[in-house]
Amino acid sequence: MTLPKTSTAAKRNSRKKSLPTSYLGAGIALQVPDVGDAVRYYQSAFGLDLAELDDQNRYAALRSGKLSLDLVDEHGAGTRATGRPGDGVAMYVFVDDVDEQLKWMQKSGVPILTRVNRKRAGVEEFSVRDEYGLLWIFTQSESDEA
C-alpha cells in the first residue's frame with residue numbers, strides 16, 4: 001500500500017538516518033490526577049495487579065500477563081497536558097543507550113521537553129512531544145534495570 005506524500009512531512013520523513021540505539025520495547029503510561037485512586041479503579045475494573053507503588057503515590061505499575069500499565073501523577077512526566085489529542089497518555093520507549101538516543105533526536109530537531117537524570121530505580125529518561133501532541137518518554141531498557 002502506498003500512502004500519498006505531503007510536501008513538508010514527506011521531505012522530512014524521506015531522510016534516512018540510522019538510529020544510534022535499538023528500540024527494545026515500549027509500555028503505556030497514563031497521567032492521572034490521583035495515582036492511588038487510579039490504582040484502586042484499575043484493580044477493581046480491569047483486575048490488574050499492583051506490581052509497584054512509590055512511597056509518595058506519584059507512580060504505580062500495574063500488570064496482568066503481558067499487559068503493563070504505568071500510572072504517573074499528572075506532573076510526573078515533567079510536562080503538563082496541553083489540551084491536544086493524546087493528553088494524559090505517554091509511550092515509554094526502552095532503548096539501550098539513553099544518551100545516544102537523546103543526541104540523535106536533538107540532531108534530528110525534535111524539541112526535548114524534559115531531561116531526568118534519575119527516575120525510578122536510577123534510570124535516566126528524557127521526553128519529547130511529537131508533532132501530533134503525543135508524549136514519548138525514552139528510558140533505559142527494562143532488561144538493564146536491576
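Below, each value reflects all heavy atoms present in this structure, side chains not excepted, and no hydrogens, waters or symmetry copies. Because the structure is a prediction, the values reported are computed rather than measured.
- Shown here for Ala29 and Val72, the closest heavy-atom pair between the two residues is CB-CG2, 4.2 Å.
- Across Glu124 and Asp99, no two heavy atoms sit closer than the pair OE1-OD1, 3.6 Å.
- Across every non-hydrogen atom of Val128 and Ile112, the tightest pair is CG1-CD1, 3.6 Å.
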field: Test side-chain contact (heavy atoms from CB on, under 4.5 Å) applied to Leu102 and Phe138, step by step
entry: CA-CA 8 Å; Leu102 176 65; Phe138 291 89; over 6 Å; no

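- To the nearest 0.5 Å, the span separating CG on Asp34 from CG on Asn57 amounts to 7.5 Å.
- Rounded to the nearest 0.5 angstrom, Leu71 CG and Tyr42 OH are separated by 6.5 Å.
- Across all their heavy atoms, Val95 and Gln101 have their closest contact at CG1-OE1, 3.9 Å.
- Taking CZ of Phe94 as the reference point, atom CD of Glu125 lies at 8.5 Å (rounded to 0.5 Å).
- With hydrogens and angles ignored, the 3.5 Å screen pairs no side-chain donor or acceptor of Ser44 with any backbone N or O of Arg40.
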field: Worked check of side-chain contact (heavy atoms from CB on, under 4.5 Å) between Leu53 and Tyr59
entry: CA-CA 6 Å; Leu53 178 66; Tyr59 167 80; over 6 Å; no

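- To the nearest 0.5 Å, atoms CZ (Arg129) and CG (Leu113) are separated by 6.0 Å.
- For Leu50, the CG atom is densely surrounded, since the number of other residues' heavy atoms within 6.0 Å is greater than 12.
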message: Show, in sequence, the C-alpha distance, side-chain angles and deciding distance for Thr139 and Val93, and conclude whether the side-chain contact (heavy atoms from CB on, under 4.5 Å) test is met.
response: CA-CA 6 Å; Thr139 188; Val93 180; over 6 Å; no

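- Rounded to the nearest 0.5 angstrom, Trp136 CH2 and Ser127 OG are separated by 13.0 Å.
- Between Asp73 and Pro33, the shortest heavy-atom distance links the atoms OD1-O, 4.0 Å.
- The CG atom of Leu135 sits 10.5 Å away from atom CE of Met91, with the distance rounded to the nearest 0.5 Å.
- For the pair Gln43 and Leu48, the tightest heavy-atom approach, listed with the atom from each and the gap, is CG-O, 3.2 Å.
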message: Set out, in order, the CA-CA distance, both residues' side-chain angles and the distance that settles side-chain contact (heavy atoms from CB on, under 4.5 Å) for Tyr41 and Val32, then state yes or no.
response: CA-CA 12 Å; Tyr41 170 75; Val32 295; over 6 Å; no

